[in-house]
Amino acid sequence: MTSRRSLDELDEYRDLLGGLVRMHVLHHASQEEIYGAWMIEELAGHGYRLSAGTLYPMLHKMVEDGYLTVRTEREGRTIRKLYSATEKGRHGLAVARERMRIFTQEGTGR
C-alpha cells in the first residue's frame with residue numbers, strides 16, 4: 001500500500017513520472033492486450049492516480065507515435081479499445097529499461 005506522503009509526491013512530480021507511466025503501459029502492452037480501465041487500476045496498485053482524462057490521451061499519443069496499436073472489440077453493447085505494443089514500442093521499452101539501469105545500479109561511484 002502506498003502512503004499518503006508518497007501519493008502526494010506522485011502528484012507533485014506527475015510531469016516527471018509520466019515517462020515511468022508510459023514504460024509501465026508498454027511493459028503490459030508488450031505482454032498482452034490491455035484496455036484503459038484495467039490500466040488505470042493496475043497503475044493505482046502502484047500508487048499512480050490517473051484519471052481516464054489523463055490516461056486515454058496518453059494512450060492515443062502512444063498510438064500516434066507508433067508505440068502501440070489499437071483495435072476495437074465489441075461485445076453486445078460494450079465497445080472496448082484494446083492496445084498492444086508495436087515492435088517500436090517493445091524496442092523503446094528495452095532502450096528505456098537499459099537507460100534506467102544507470103539509476104538503479106549500486107556502486108557506480110557517481
State whether the side chain of Lys81 and the backbone N or O of Ile34 hold a donor-acceptor pair below 3.5 Å, judged by distance alone.
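Checked: no pair found.
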Can a donor-acceptor pair be found, under 3.5 Å and without considering hydrogens, that links the side chain of Arg80 to the backbone of Tyr35?
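Checked: no pair found.
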Any idea which heavy atoms bring [X] and [Y] closest together, and the distance?
{"X": "Thr69", "Y": "Val63", "answer": "C-CG2, 4.4 Å"}
{"X": "Ser30", "Y": "Leu93", "answer": "OG-CD2, 4.0 Å"}
{"X": "Glu33", "Y": "Ser84", "answer": "CG-OG, 3.1 Å"}
{"X": "Pro57", "Y": "Ala52", "answer": "CD-O, 3.7 Å"}
{"X": "Ala29", "Y": "Tyr83", "answer": "CB-O, 4.2 Å"}
{"X": "Ala85", "Y": "Arg90", "answer": "O-NH1, 2.7 Å"}

So for atom [atom1], which belongs to [X], do other residues, nucleotides or ligands contribute more than 12 heavy atoms lying within a distance under 6.0 Å?
{"X": "Gln31", "atom1": "CD", "result": "yes"}
{"X": "Tyr67", "atom1": "OH", "result": "no"}
{"X": "Arg71", "atom1": "CZ", "result": "yes"}

Is there a side-chain contact between [X] and [Y], using heavy atoms and a 4.5 Å cut-off?
{"X": "Tyr48", "Y": "Ile40", "value": "no"}
{"X": "Val70", "Y": "Leu82", "value": "no"}
{"X": "His27", "Y": "Arg97", "value": "yes"}
{"X": "Met62", "Y": "Leu26", "value": "yes"}
{"X": "His24", "Y": "Leu43", "value": "yes"}
{"X": "Val25", "Y": "Met39", "value": "yes"}

Kindly determine whether Glu64 and His60 satisfy side chain to side chain donor-acceptor pair (under 3.5 Å), including the steps that lead there.
CA-CA 6 Å; Glu64 184 180 301; His60 296 157; over 6 Å; no
Enter the distance from His46:NE2 to Glu41:CD here, rounded to the nearest 0.5 Å.
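If I round to the nearest 0.5 Å, the distance is 12.0 Å.
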Donor + acceptor pair across side chains of His91, Glu87 (<3.5 Å):
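No donor-acceptor contact under 3.5 Å links the two side chains.
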